Asks: 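The structure's right below; bear with me while I get my questions together.
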Amino acid sequence: MTAATEIQLSDRAETLLRELVRRYISDGEPVGSRTLSRESGLELSAATIRNVMADLQDVGLLYAPHTSSGRLPTEAGLRLFVDGLLELGPLTKEDRARIESSCHASGRSSTEIFEEATEMLSGLSHCASLVLAPKTERPLKHVEFVHLGGTRALVIMVADNSLVENRIIDIPPGMMPSTLIEAGNYLNARLVGRTLNEARGEIIEEIQEHKTQLDDLSARVVGAGVATLGNAAGEPHLIVRGQSKLLEDVTVIEDLERIRAILETLETRESLTGLLRAAEDAEGVQIFIGSENSLFSLSGCSMIVKPFDNDKQQIIGAIGVVGPTRINYARIIPMVDYTAQLVGRLLG
């Protein structure tokens, strides 16, 4: 339980906080006492509401962005709203239909299902969406080494479904392009139509026992490439979609700067992968608000994420959305929850 949820509020204060957060989520503007007086359903004067809002500010649930403006919820206020005051409704028929039509398995690979699911979530939520998908090895159709200059080369591995994996390896200084071509030809002769795991043992044995026609440098490149790609084969696959959706609802320059920070956060793929893996360790829908997670401390965004499991009840990935802290929690939480259930069912 967070410190925010331990704060005890009167029924009147809860009602006003709930209405203020709903209004903030709707338009992103500071909410004044007159607005709450009209919309809260409570027969209270604007002066009384101002007093309650002052009390909420004193306990850290609201703040005033300007001296003469209304109030906005703090991250603590949003957390209390999400944990204790939010009323989750069922998915609309339209949202359920969109999710079900996107998450169907007929004739599609798991990667295609993940990509469809993230595209759909982004479209419905108007946020960026992401999935940490289990890595499934595919037979290969092409491997190539590209010299990047100095002592680095890029290994390009193309699967039979045209998905591309790129990894950088270290190579001896002064290596000739012909050596990289020879290494690529050698791997293509043994890998095409097979997965890396199927061919790895054979390749390593040939190199170790000098059964190949490769010179020493080419053999070292092949060994480095196989080792690097082999380590990558077990890594989960992070898919991020819909970053441009975050720019659709920008009204003020402060929002634009915040969205830019979110977009930069979404580029830190290693940190996102770590965060999604942490979400896999918990049950149900996980909600991260602002600085509760160091990854979002500067960007001021929220993540709603749900792990999904396979038919053996083993958690194998997570799916969710990332957006400003004023995302529509009531609508998006059940949306993410239902999508994760469907994706897990399809993989099973």
Side-chain angles (χ1 to χ4, degrees), residues 1-2 4-5 18 21-22 25 78-105 110 112-134 236-242 245-246 266 272-273 275-290 292-293 295-296 301-348:
M1 180 178 290
T2 65
T5 56
R18 182 187 297 114
V21 173
R22 285 176 177 170
I25 288 173
L78 286 171
R79 170 54 65 188
L80 192 149
F81 170 79
V82 168
D83 288 351
L85 305 178
L86 179 63
E87 297 174 359
L88 293 178
L91 281 172
T92 66
K93 290 182 179 179
E94 292 79 10
D95 286 349
R96 184 180 293 268
R98 284 274 305 274
I99 294 171
E100 291 175 350
S101 66
S102 295
C103 298
H104 66 277
S110 59
E112 290 171 324
I113 292 172
F114 293 135
E115 290 178 343
E116 283 283 340
T118 48
E119 291 281 3
M120 173 275 302
L121 267 182
S122 175
L124 286 179
S125 65
H126 301 288
C127 297
S129 62
L130 62 174
V131 63
L132 186 67
H237 185 40
L238 178 65
I239 300 171
V240 182
R241 292 289 185 272
K245 296 287 184 184
L246 297 171
L266 292 174
L272 278 175
T273 299
L275 179 57
L276 287 171
R277 278 177 164 162
E280 290 178 350
D281 295 333
E283 295 183 2
V285 178
Q286 303 299 303
I287 302 164
F288 302 90
I289 300 175
E292 292 176 353
N293 187 281
L295 184 61
F296 299 147
C301 63
S302 290
M303 171 187 273
I304 300 172
V305 61
K306 169 78 181 288
F308 53 84
D309 51 24
N310 59 16
D311 56 347
K312 297 178 182 178
Q313 306 302 307
Q314 299 169 325
I315 292 176
I316 56 174
I319 191 167
V321 302
V322 175
T325 53
R326 68 179 188 90
I327 58 178
N328 190 339
Y329 297 93
R331 179 168 178 255
I332 294 175
I333 291 172
M335 189 184 297
V336 169
D337 187 16
Y338 190 59
T339 302
Q341 293 178 43
L342 282 184
V343 168
R345 200 177 306 153
L346 290 175
L347 295 179

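Along the sequence shown, residues are numbered consecutively beginning with 1. None of these values were measured; they are calculated from a predicted model.
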Asks: Starting at CD of Glu116, measure out to OG of Ser101 and round the result to the nearest 0.5 Å.
Replies: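 One gets 8.5 Å once the value is rounded to the nearest 0.5 Å.
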Asks: Please examine the side chains of Leu85 and Val21, heavy atoms only from C-beta on, and report whether any two atoms are closer than 4.5 Å.
Replies: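 No. Closest side-chain heavy atoms not under 4.5 Å.
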Asks: Report the residues that fulfil side-chain contact (heavy atoms from CB on, under 4.5 Å) with Arg331, sequence neighbours left out, ordered by chain and then residue number.
Replies: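 Here the qualifying residues are Asp95, Leu124, Asn328, Met335.
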Asks: Using side-chain contact (heavy atoms from CB on, under 4.5 Å) as the criterion, list what pairs up with Glu94, not counting sequence neighbours.
Replies: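 Residues passing side-chain contact (heavy atoms from CB on, under 4.5 Å) with Glu94: Thr92.
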Asks: Can you tell me how far the CG atom of Leu80 sits from the CZ atom of Arg18, to the nearest 0.5 Å?
Replies: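 Here the interatomic distance stands at 10.0 Å.
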Asks: I'd like to check the side-chain contact (heavy atoms from CB on, under 4.5 Å) partners of Glu119; sequence neighbours left out, ordered by chain and number.
Replies: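 Applying side-chain contact (heavy atoms from CB on, under 4.5 Å) to Glu119 gives Arg241.
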Asks: Is any side-chain heavy atom of Arg22 less than 4.5 Å from a side-chain heavy atom of Ile25?
Replies: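 Side chain of Arg22 against side chain of Ile25, heavy atoms only: no contact under 4.5 Å found.
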Asks: Pick out which of Val336, Leu86, Ile333, Ile327 makes a side-chain contact (heavy atoms from CB on, under 4.5 Å) with Ile287.
Replies: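 It is Ile333; the other options fail the test.
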Asks: Check whether any side-chain N or O of Thr325 sits under 3.5 Å from a backbone N or O of Cys301 as a donor-acceptor pair, and report yes or no.
Replies: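 No: the side chain of Thr325 does not pair with the backbone of Cys301.
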Asks: Looking at Val305, Val322, Thr118, which hits side-chain contact (heavy atoms from CB on, under 4.5 Å) with Leu130?
Replies: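 So, applying the side-chain contact (heavy atoms from CB on, under 4.5 Å) to Leu130 and each of Val305, Val322, Thr118, only Val322 qualifies.
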Asks: Under the side-chain hydrogen bond (donor to acceptor under 3.5 Å, both in side chains) rule, collect the residues that match up with Tyr329, sequence neighbours excluded.
Replies: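 Checked Tyr329 against side-chain hydrogen bond (donor to acceptor under 3.5 Å, both in side chains); matches are Ser302.
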Asks: Could you report the tightest heavy-atom contact between Pro307 and Ala340, atom names first, then the distance?
Replies: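 Shortest heavy-atom contact: O-CB, 3.9 Å.
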Asks: Measure across Cys127 and Ile332 and return the closest heavy-atom pair with its distance rounded to 0.1 Å.
Replies: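 What the structure gives for the nearest pair is SG-CD1, 4.2 Å.
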Asks: To the nearest 0.5 Å, tell me how far Ser125 OG sits from Ile304 CD1.
Replies: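 If I round to the nearest 0.5 Å, the distance is 8.5 Å.
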Asks: Could you give the distance from NZ (Lys306) to CD (Gln341), rounded to the nearest 0.5 Å?
Replies: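 Interatomic distance, Lys306 NZ to Gln341 CD, rounded to 0.5 Å: 5.0 Å.
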Asks: What are the two closest heavy atoms between Ser122 and Gly242, and how far apart are they?
Replies: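 Closest approach of Ser122 to Gly242: OG-CA, 3.1 Å.
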Asks: Listed by chain and number, what are the side-chain contact (heavy atoms from CB on, under 4.5 Å) partners of Thr339, not counting sequence neighbours?
Replies: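 If we apply the side-chain contact (heavy atoms from CB on, under 4.5 Å) test to Thr339, skipping adjacent residues, the hits are Ile99, Cys103, Ala117, Met120, Leu121, Ile319, Val343.
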Asks: Sequence neighbours excluded, which residues qualify as ring pair (Phe, Tyr, Trp, His ring centres under 6.0 Å) partners of Phe81?
Replies: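 Here no residue qualifies.
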